Protein chains: 2
Amino acid sequence: MYKSMMHSPELLKGTLQTILLKVLKDHGRMYGYEITLRVKELSGERILLTEGALYPTLHKLEAEGMLKTEVITIGKRVRKYYSLTSDGRSLVKARVNELIAFIKTMGNVLQVELN
Amino acid sequence: MYKSMMHSPELLKGTLQTILLKVLKDHGRMYGYEITLRVKELSGERILLTEGALYPTLHKLEAEGMLKTEVITIGKRVRKYYSLTSDGRSLVKARVNELIAFIKTMGNVLQVELN
DNA sequence: ACTTATACATAAGTGAATTATGCATAAGAC
DNA sequence: GTCTTATGCATAATTCACTTATGTATAAGT
């Protein structure tokens, strides 16, 4: 999932779908490579998505009806744009809330302040 | 790792060592079953550790010199108490800081407030 | 010309977890 | 007094999201 990172790869497990969905919600229609660049930027170079995790996850979300695609040809190059479906928009909210709840629970268990 | 939980099991991946180490730091000498109860309480029943994840992880941390053990017999029952070594105390700090950094990065990527 | 960036895709392997199983004593319910 | 639940440890088999590796191809920079 992560080529290299400041963060332990284990910690990031389970967050990929949430990241993809939320970034697509915030930035609208995007293609895979563009998503990796955006996440890299937003994370301060700390999260570098690998294609091996990215593309299968996008395909899976599409197969589940959470994302829809549109293929664009630029010269001879192909780009596959992804955007949220209405089911996808519901899923983003659920996933983000779930992650926030998880983080709060971790704060309680570890007795740390998170701000 | 988790028998059942409010939180998606995927999210919890990679947090088990951090949880065990921090709970041992905060509460001192504890045995396995006691740790599951404490974590259950601290998490508001949201994190229910399974033995299948708990014991192998404790054994691994002990093998790495992060924990030391003491076996106590109560009647005919055996308890194995774990406590941090000095290496273990260093590790807790590193792990907790790592998790806090990770959470902050997630906050940036997902554009959410965490408090 | 050579290297890096852009852009997609999939197969093989890893490793931390889940699930299942096993053993055994103590306490509580009824 | 037996049956269920709680206490307490341990390990083997399996799962699955990821990493790593590989493949293909065009465009841009040096």
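The structure displayed is predicted, hence computed values, not measured ones. All heavy atoms count here, side chains included; hydrogens, waters and symmetry mates do not.
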Hey, does the side chain of B:H59 come within less than 4.0 Å of D:dT11's phosphate (OP1/OP2), counting only N and O? yes

Assign B:R79 to base, sugar-phosphate, or nothing according to its heavy-atom contacts below 4.0 angstrom with the strands shown. sugar-phosphate

Taking all non-hydrogen atoms of both residues, which atom of B:V39 and which atom of A:V109 are closest, and how far apart? O-CG2, 4.4 Å

Whole angstrom value for the distance that separates C1' of D:dC18 from CG of A:L20: 13 Å

5'-most by nearest nucleotide on DNA chain D - B:I74 or A:G75: B:I74

Given atom CG of A:L49 and atom C1' of D:dA17, what is their separation to the nearest angstrom? 14 Å

Measure from CG on A:L11 to P on C:dA16 and round the result to the nearest Å. 12 Å

Taking for each residue the nucleotide of DNA chain C bearing the nearest heavy atom, is the 5' side occupied by A:E10 or by A:Y31? A:Y31

For C:dA9 and A:K80 - does any side-chain N or O of the residue sit under 4.0 Å from the phosphate oxygens OP1/OP2? yes

In whole Å, what is the span from the CD atom of B:E34 to the P atom of D:dA6? 18 Å

How far apart are the closest heavy atoms of B:M30 and B:E34, and which atoms are they? CA-OE1, 3.3 Å

For the pair A:K80 and A:E70, evaluate salt bridge (Lys or Arg N to Asp or Glu O under 4.0 Å) and give the outcome as yes or no after the intermediate values. CA-CA 6 Å; A:K80 198 164 166 186; A:E70 201 182 339; over 6 Å; no

Could you tell me whether the phosphate oxygens of D:dG8, OP1 or OP2, come under 4.0 Å of any side-chain nitrogen or oxygen in B:K76? no

Value in whole Å for how far the C1' atom of C:dA17 lies from CG of B:L61: 15 Å

Between A:E62 (CD) and C:dC8 (C1'), how many Å, whole number? 13 Å

What heavy-atom pair brings B:L110 and A:D26 nearest, and what distance separates the two atoms? O-OD2, 4.3 Å

Whole-Å distance separating the CG atom of A:L58 from the C1' atom of C:dA9: 12 Å

Given DNA chain D, 5'-ward residue of the pair B:L37 and B:Y82, judged by closest heavy atom: B:L37

Nearest whole angstrom, please: distance from the C1' of D:dT20 to the CG of A:L54. 15 Å

Should A:E62 and A:K68 be marked as a salt bridge (Lys or Arg N to Asp or Glu O under 4.0 Å) after you check the CA-CA gap, both sets of side-chain angles, and the distance that decides it? CA-CA 6 Å; A:E62 186 188 5; A:K68 56 180 185 251; over 6 Å; no

Which nucleotide in the set C:dA16, D:dA10, C:dA26 lies at the smallest distance from any side-chain heavy atom of B:E51? D:dA10

Side-chain atoms of B:K13 come closest, of C:dT19, D:dC18, C:dA17, to C:dA17

Residue-phosphate contact under 4.0 Å: B:Y55 side-chain N/O, D:dC9 OP1/OP2: yes

